[in-house]
Protein chains: 2
Amino acid sequence: MKLITEVASEAGIDERHLELYGKYKSKLSPSLWEDIKAKPDGKLVLVTAINPTPAGEGKTLTTIGLAQALNAAGVRTVAALREPSLGPCLGMKGGATGGGKSQIVPADDINLHFTGDIHAVTSAHNLLSAMIDNHIFQGNELDLNPQRIVWKRVMDMNDRSLRSIVTGLGDGNGPVRESGFQITTASEIMAVLCLCSDLSDLKKRLGRMLIGYDQQGQPVTAKALGAVEAMTALLKEAVKPNLVQTLEGTPVIVHGGPFANIAHGCSSIIGTRYALKLGEVVVTEAGFGADLGAEKFMDIKCRQAGLAPSAAVLVVTVKSLKYNGGVPKEELYNGNRVALLSGLSNMERHIENLGKFGVPVLVAINHFEGDSSSEINEVVVACRRLNVPTAVSKVWAEGGAGGLELAEELIKLLNREDQPKFAPLYEASLDIPAKISKIVREIYHGADVAFSPAAKRSLAVIDRLGLHHLQVCMAKTPYSFSDQPRLLGAPEGFTMGVRDITLSLGAGFAVVITGNIVTMPGLPARPAAEQLRIDDEGQLQGLV
Amino acid sequence: MKLITEVASEAGIDERHLELYGKYKSKLSPSLWEDIKAKPDGKLVLVTAINPTPAGEGKTLTTIGLAQALNAAGVRTVAALREPSLGPCLGMKGGATGGGKSQIVPADDINLHFTGDIHAVTSAHNLLSAMIDNHIFQGNELDLNPQRIVWKRVMDMNDRSLRSIVTGLGDGNGPVRESGFQITTASEIMAVLCLCSDLSDLKKRLGRMLIGYDQQGQPVTAKALGAVEAMTALLKEAVKPNLVQTLEGTPVIVHGGPFANIAHGCSSIIGTRYALKLGEVVVTEAGFGADLGAEKFMDIKCRQAGLAPSAAVLVVTVKSLKYNGGVPKEELYNGNRVALLSGLSNMERHIENLGKFGVPVLVAINHFEGDSSSEINEVVVACRRLNVPTAVSKVWAEGGAGGLELAEELIKLLNREDQPKFAPLYEASLDIPAKISKIVREIYHGADVAFSPAAKRSLAVIDRLGLHHLQVCMAKTPYSFSDQPRLLGAPEGFTMGVRDITLSLGAGFAVVITGNIVTMPGLPARPAAEQLRIDDEGQLQGLV
């Protein structure tokens, strides 16, 4: 590892703008923004993927490897990634810092507490929670309806026992009511942190967050609780982007990590803006597959930030394509041309969809050891047929060197003269049902949308409060274009069931809940935490 | 503020041993210990106080001011303090970084997230909590009794609604059981962090922590859950001491902050050891008054660490003495010689008690604006009569310069040839009831101890498990020597009621609970959080 001061210096960042966290991590001071804001922006490239499968696609890996490869090819590149959440690291998922020769480092630190951003979100969130119950306890001046508090508590841990709880039991312990915990990355504050443009905007957004309703059914926001300044204070460091590096010394801004279902699943706007001033190219990623991640990246993040992505890299693997073609997880190591060809329908649809945003697509075939060259060739052929550039990526095994072909294809794509023009999918002026319908028809290729009674009640509230200007944040299973996780490939004609619609007024979107969305994961029978080892010198094994 | 690199350099710490957190905070690397461990220890001075009153005594203030004064007097001095907990900062108490011209800085950062140590304790604690419920959910191989889990969850927030909760409601959300949250500083992990000698000892202690009992009534420890390595990993940075400075540039190690009732209320042993190698004198403090704080400092911290304090500074104010003499809070500004003389009984008893540990005492009269000189003189006279050195301290108004007289008296005391010999109050070989009885009779001056049925059941468990070697950690109201908060002054002849005894096996003590001990504070009607302000540049107002 280079010292982070050296990584910064190579990226053109003067040391006075660094706020070091040890020798290998740094926050970037707002003074840096003053220094660089007049520079022209680099080109923004989104790494996305086909619908995720148990085989793993390698989106983060590809983002890191591609950034290394672009630098190796002489293009000054910065990666912009999400911060790993502790809960999943210790639960099922393990670390989220790439793998093989394409990793961000120091991986253990980044996977554990990093620079404390997620802890700060937890504190700010739970301060508001405590102040809500305390407000009721101390006399309830705002006439809050204890049964209609929508603001829960959060913890960065996979703890299913906290999903549904009753609080305030015992004498003098506040109002007895049903509530629960979400994982911190599902906090609206995380979404707000990632969408705000600065501390002042952060404060305004925090104030707008809906915490519940009063006895007259009127919405009550965080501002009314008097918590907003303190919450902003708790987030004053978290709002500063973090600088780390890849194994090859490529600068990486790792900042923010909102849930990809009930939130938009992208790293912070502030971090992306810094990266765009520092790199000729910025490689970033979004959660889940392109139906969720890329759509929200374009329609929420890019729209709110005024960003226009120049290209999208769609990550596929032969295994995940076969899975989408109906092969069960256990048989993915076997060749299966028929299933592969069938699964390609999933890739083709994502390519078609990305075109609707006016963003050119490059397919990255993430190579796994043991992949057959004939199967890889089928993917190449399919891309050629669609006139979509493609390259095999071996960044896990080879680092940047294994991504040179991908980098070259990307550079060609970025330099094409006939650039399409980026535009979000839906107009802001459409009402919420029309926005939902547009996404369901044009991205998911469903036939219809069915609103549950609860969703209809929520729409009535949206009507009454005049909130149709909000963006739409789809909370849907990532495994299928539809709301049915087992409907793989490229399903059509289904009806999308909307179970409920909740309001993230600080983030600026309405969350459209389809299916059963769990915002607090549980631990598996053998949590990843059990595999961790630490020696007397503090060296870890088993986290990544 | 000096750069922390400069503060370190002046304290003889090479920059390679620093792990910076911004420009003004640093963790001290274990490599520093290797460098300094052969040096002789400085002298350890405990700052303690009479029983706390609503008037405030200024123990932290005096610790900081005295360290500044000693440095001004040419004695190389390091202060060792506890880390403020976020919950109380945002609740009732406000910041905990001193005041006036005797503060540690950067105060806002220290009061908020600091270097993330408390967040790390929260994460480690709640990982274990989640793994316990997950273990039961996944089949309960250990045959845990869900009704006898003693390990709760923690949060660094004042949130009374979480004191008593039911978890696991709903389908598939784990076992339904009663549980609750404590504030993080009440976590046994915080006590363990502060009592361990290094990472390896930390791991052993974490493994010994009692989490509950199985269906056969046998104790189950954290080790059985497979969580210990991961918990240690989460704490690997938290175990490193933090270096900051006072307003006058005196080096201060701020590390750890266990509750002062159900835990021992002192900063970390590791931090104290580092400080003793860096300073000729180390000034440190303990929670609450000397009956609780000093007793636990001597009997728990010093015994476990093999430390021998050279002196104790007992902080008094004329207001707090008058309060102990029966004057209500509102009338403390008025002169009241009779009440003052009566309240001096409290000071006298603390002086007598400290003598039982073989530690010489110096009385610091912490001067408040408006204190009458005749009242201050009464205190001086009382100390002379007892042959105890004393000095008026004006460190709030004047910083180190206002503590020079106190520093001089301390230096004289430390240089006295007839040094008493430090010894803990009770022998380790006494059984738990005998240890309790000795503290109650010799420190509290009570006549008897009455064990409740629950406490007797706990004693039976202690018998059965052979745990009489444990130290005793008294959880008692801090406001009185007795278990009755309103019994001020120097009560005698009372019976101390022991409500329960719980086991902190990792920390190495049995917690003796007298009265009603709340381990999760609540917010007041007007939380301190409401007073906080932050501007667009991130500058805070209203925290300290």
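Scope of the values below: all heavy atoms of this structure, side chains included, with no hydrogens, waters or symmetry mates.
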Name the member of [options] that forms the most heavy-atom pairs with chain B at distances under 4.5 Å.
| options | answer |
| --- | --- |
| Gly522(A), Gly170(A), Ala120(A) | Ala120(A) |
| Met157(A), Lys203(A), Glu530(A) | Met157(A) |
| Glu19(A), Lys25(A), Arg163(A) | Arg163(A) |
| Ala130(A), Ser26(A), Gly538(A), Ser179(A) | Ala130(A) |
| Asn173(A), Val228(A), Leu225(A), Leu18(A) | Asn173(A) |
| Val176(A), Asp535(A), Leu532(A) | Leu532(A) |

Heavy atoms of other groups near [X] [atom1], more than 12 under 6.0 Å:
| X | atom1 | answer |
| --- | --- | --- |
| Lys23(A) | NZ | yes |
| Glu141(A) | CD | no |
| Glu34(A) | CD | yes |
| Glu178(B) | CD | no |

Inset, instruction - Would you please go through residues 131-138 of chain B and name the residues with a non-hydrogen atom below 4.5 Å from one of chain A, in numerical order? - result: Met131(B), Asp133(B), Asn134(B), Phe137(B), Gln138(B)

Examine whether an atom of [X] lies under 4.5 Å from a heavy atom of chain A, and if so say whether it belongs to the side chain, the backbone or both; otherwise answer neither.
| X | value |
| --- | --- |
| Glu537(B) | backbone |
| Arg526(B) | side chain |
| Asp109(B) | side chain |
| Leu202(B) | neither |
| His113(B) | side chain |
| Asn126(B) | both |
| Leu523(B) | both |

Which atoms of [X] are under 4.5 Å from chain B, going by heavy atoms: the side chain, the backbone, both sets, or neither?
| X | answer |
| --- | --- |
| Pro527(A) | side chain |
| Leu234(A) | both |
| Leu199(A) | side chain |
| Leu20(A) | both |
| Ala227(A) | neither |
| Arg153(A) | side chain |
| Asp198(A) | neither |
| Leu540(A) | side chain |

When [options] are compared by non-hydrogen pairs under 4.5 Å with chain A, the top option:
| options | result |
| --- | --- |
| Met231(B), Lys236(B), Glu229(B), Met520(B) | Glu229(B) |
| Gly116(B), Pro175(B), Gly139(B), Gly226(B) | Gly226(B) |
| Ser161(B), Ala529(B), Ala230(B) | Ser161(B) |

Is there a donor-acceptor pair closer than 3.5 Å between any side-chain N or O of [X] and the backbone N or O of [Y]?
| X | Y | value |
| --- | --- | --- |
| Ser129(B) | Lys152(B) | yes |
| Arg16(A) | Ile13(A) | no |
| Asp156(B) | Thr184(B) | no |
| Arg177(B) | Gln147(B) | no |
| Gln182(A) | Val154(A) | no |

Inset, instruction - Begin from the C-alpha positions of Glu237(A) and Lys27(A) and carry the test salt bridge (charged side-chain N to carboxylate O under 4.0 Å, His left out) through to its verdict. - result: CA-CA 8 Å; Glu237(A) 302 304 316; Lys27(A) 283 207 167 270; over 6 Å; no

Restricting to non-hydrogen atoms, name the atom on [X] and the atom on [Y] that form the minimum distance, rounded to 0.1 Å.
| X | Y | value |
| --- | --- | --- |
| Ala224(A) | Leu142(A) | O-CD1, 3.7 Å |
| His119(B) | Ser123(A) | CE1-OG, 3.1 Å |
| Arg160(A) | Gly174(B) | CD-N, 3.8 Å |
| Pro241(A) | Ile270(A) | CG-CG2, 3.7 Å |

Inset, instruction - Kindly indicate whether the side chain of Thr122(B), heavy atoms from C-beta on, has any atom under 4.5 Å from the side chain of Thr122(A). - result: no

Legend entry - Residues forming a side chain to side chain donor-acceptor pair (under 3.5 Å) with His125(A), sequence neighbours excluded: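 For His125(A) the side chain to side chain donor-acceptor pair (under 3.5 Å) partners, ignoring immediate neighbours, are Trp151(A), Ser187(A).
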
Inset, instruction - Begin with the C-alpha distance, continue with both residues' side-chain angles, and end with the deciding distance and a verdict on side chain to side chain donor-acceptor pair (under 3.5 Å) for Thr115(A) and Asn242(A). - result: CA-CA 8 Å; Thr115(A) 58; Asn242(A) 308 293; 2.7 Å; yes

Legend entry - Spacing of CD1 belonging to Ile183(A) relative to CG belonging to Asn158(A), to within rounding of 0.5 Å: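 It comes to 4.5 Å.
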
